[in-house]
Amino acid sequence: MEDIKTLVDGLSLEQKARLLTGKNFWQTRGIEHLGIDSILMADGPHGLRKQTGSADHLGLNGSSPAVCYPTASALACSFNEALIEEMGRGLGHAARSEGINVLLGPGNNIKRSPLCGRNFEYFSEDPLLSGKMASAMIKGIQSQRVGASLKHFAVNNQEHYRMVVNAVVDERTLREIYLASFEIPVKEARPWTVMSAYNRINGVYASENARLLNGVLREEWGFDGLVVTDWGANDQLWKAVAGGLDLEMPSSGDVGPHNVISAVKDGRLAMADIDTAVTHLFRLIERCRTAADEPLYLLAEAHAQARRVAEECIVLLKNEEAILPLDPERHANVAVIGEFAMSPRYQGSGSSRVNPYQVTSLIDSLNAADTKFNISYAPGYRCDSDEVDTLLISEAACLAAQSDIVLLCAGLTDDYESEGRDRTHLNMPANQLALIDAVLDRNPNTIIVLSNGSVIKMPFADRAPVILEAWLTGEAGAEAVVNILLGKVNPSGRLAESFIRDEQQDPSQGNFPGRDYEVVYQEGVFIGYRAHQRLGNEVTFPFGHGLSYTTFDYRDLVVRQLGYSQFEAEVTVTNTGRIAGKEVVQLYVGEQQPLVSRPVRELKGFAKLELAPGESRQVVFALDKRCFAYYNTDLADWHVNADDFLIEIGRSCEEIELTAEVYASDNCQVSQIPQPRFVQREAFFKTVDISRNSTVSDLKDHPTGKFLYRKIVSGATGGGEEVVSKDIQLRMANELPLRNLVSFNAGKDLDEKGLDVILKVLNATRRDTLLGKCIDLFTRHR
Ligand code: BGC
């Protein structure tokens, strides 16, 4: 490609405008005779999803087989940046072998509420951990000369009304929590692309948010890549381009380009903004160009890698009387109970769903391990229903009673966790809970193995002697579980989110998922463990918690001051047990007399160490100003209040082993810091009328809209090759804003004028006379 500037200057307004929208569902537009290539993208936070057949408008149809890795909620529990980078390399390699230029991941939104339907796709409730995991994955992917797409920027923390909801967040919370998780990878890993979120932030769509895109992302953080919309996320393309967006996906045909051209012609949009967007696209094309070769995708090797990754993600939550690892001497007869042991649950639903290469089950993996155990199996429940089946339960309980030990596989079934839908409670399916009770009654030697992508209530936590959180650990997850059960692998995962007792402990409770298109982040910075420690919540298992088959000792915390708010903390960790193991050393910082309310402690560093029995190692953490600062909205900057701070080394946020106190300050002192104020939120009102940004679900009970509603949802499901359930498709169709009825079909079935007519009709008072015309118009076009 010739010099980018010359190329951009040589294009007409029409040519440039056409480049701002996709060619189809997954590709950008190219201009062949000018040597401008088309970029091919695919989903892939935990495995490639290259669609082979038709690309449905929700992007849910089948894809070519690829290795399915653990999902993000599991990955973060590894606390192992090197491992996640290695997995990123695997993903990048797979993408390149399939000719993919940009992989749409990692997903890096903070888990504000444990109920968010996409939590399985996100790393953590903590911004440092999330940011570091995302960085590692991006570095790995991009090392293979495939671009990553850091998503969904930003404040995309729920699925309810996901495409239109307005997240009202104060500036300090934005900076300290929701933006911080993106700031780390943008600065450290320099992703080639960032994907703008569906939602609005303080009244403005993320895709049109000049403050967020041009301001924070580009000017403050130095992002020089391309900003692409989440699929269908933008409303007015011209506004988005003016705000710093470069590419609308998927293609809207001529709709987006027309929108941009008319804005330039009547002076709403500057030509320079279009040039900037096109320049970013050309820069991406140039970055992708170096990756023309397509290496071989060795699926079996990638499967083994997925197993290794899974082994570090699994968290041993409880292991009374060292029941695990299993021992053929003590546990000759093993009862394996639970349908999940045969049909594992290993990934979530929605756009991240991978068509797996080779799924292994717990039963198969146990049998393949060639052990001396006698293994028997009973399903105990069905996965396609929550109904308590007393026959299945009593059969399982009888088997449990006759066995030395029980492996009970449970968790959440597919329908519980999906893109497009939040959960309304934290319960596990009733049939599984009833089974757990019955089995524990008959055999207290029961090991609960959990497969779920997000937090669940565990009413059995006190009764069950052993709980292994196996997460959604991908297609080789069951092999990893078996290696841990047998002691071939020493568990080393630590919780990346707090397991709360019940919904009452959810910090966003009462403000999630909001009302009338609006959700207020009333709890501020106090989410996850930051909230539980402030409120004194006794959670089931705290952030950072996880057990090992060996023991570790911590000593000699030494803190050296290098500047006003610059320190180095050193600690020695020893493996005091008899087998090798990995420990996650966690460093927390807490301000003692803050001027603003601050969390008791916040994670500011972590390191995963592998230690042989008896081996000691020193870990050194570098602490800079940001480890002590809070975001001061009056200064519009990070500020360290001159104060004492505790530096704590712990095994979890609740198990602190060593503490040191230091005095830190900014080098420029501010004598009086006023309390941070809530930012003035930009006005956003839910319109009583139906607008282009109303969702399909808003039509459901609308007097005239309900006819349209039926038409739309009946056309949105049942194409034939779907890999997610009808129910989930229906929910996703319900979440679509009406504007996407135009853009998703490139204006062919319904154009902007048609939509305007429909909106006028829907909002007219003389509905009955116009209704016929409206329905007629819509159905004729389809
Ligand atoms: C999801 C994105 C995904 C995109 C393309 C959207 O619905 O939110 O995460 O990358 O679809 O499939």
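What you see below is based on every heavy atom in this structure, not just the backbone, and it leaves out hydrogens, waters and symmetry mates. In each ligand, atom 1 is the first atom listed, and ligand 1 is the first ligand listed.
Per-residue contacts place Met195 under 4.0 angstrom from the following atoms of ligand 1 (heavy atoms of the residue considered): 10 (O). Listed by number with element, the atoms of ligand 1 under 4.0 angstrom from any heavy atom of Trp26 are 5 (C), 12 (O). Within the listing of ligand 1, atoms 1 (C), 6 (C), 7 (O), 8 (O) sit less than 4.0 angstrom from a heavy atom of Glu419. Close contacts between ligand 1 and Ser351 involve ligand atoms 1 (C), 2 (C), 3 (C), 9 (O), 12 (O) [criterion: under 4.0 Å to a heavy atom]. For ligand 1, the atoms sitting less than 4.0 Å from at least one non-hydrogen atom of Arg49 are 12 (O), numbered in the order shown with element in parentheses. When each atom of ligand 1 is checked for a heavy atom of Lys151 under 4.0 Å away, the hits are 2 (C), 3 (C), 9 (O), 10 (O).
With a 4.0 Å heavy-atom cut-off, ligand 1 is reached by no atom of Met732. Looking at Arg162 against ligand 1, only its side chain comes within 4.0 Å, counting heavy atoms.
Using a 4.0 Å cutoff on heavy atoms, Met249 does not count as a contact of ligand 1.
Taking the ring centroids of Tyr521 and Tyr178, they lie under the 6.0 Å cut-off.
Between Ser113 and Asp506, the side chains place a donor N or O and an acceptor N or O closer than 3.5 Å (distance only, hydrogens not considered). Side-chain polar atoms of Arg423 and Ser454 form a donor-acceptor pair below 3.5 angstrom. Side-chain atoms of Asp422 and Tyr161 form no donor-acceptor pair, as typed in the model, at a separation below 3.5 Å.
Nearest-residue assignment for atom 3 (C) of ligand 1 (options Asn156, Asp43, Leu104; heavy-atom criterion): Asp43.
Contact between Gly225 and Arg218 at its shortest, heavy atoms only, is O-NH1, 2.9 Å.
For ligand 1, the polar-atom distance check against Tyr198 finds a nitrogen or oxygen pair separated by under 3.5 Å.
Tested against Tyr205 for a side-chain hydrogen bond (donor to acceptor under 3.5 Å, both in side chains), the candidates Asn693, Asn199, Asp235, Asn234 yield a single pass: Asn693. Put simply, the residue from Glu497, Glu125, Glu523 that forms a salt bridge (charged side-chain N to carboxylate O under 4.0 Å, His left out) with Arg112 is Glu523.
How far CZ of Arg29 is from CG of Leu247: 10.0 Å, rounded to the nearest 0.5 Å.
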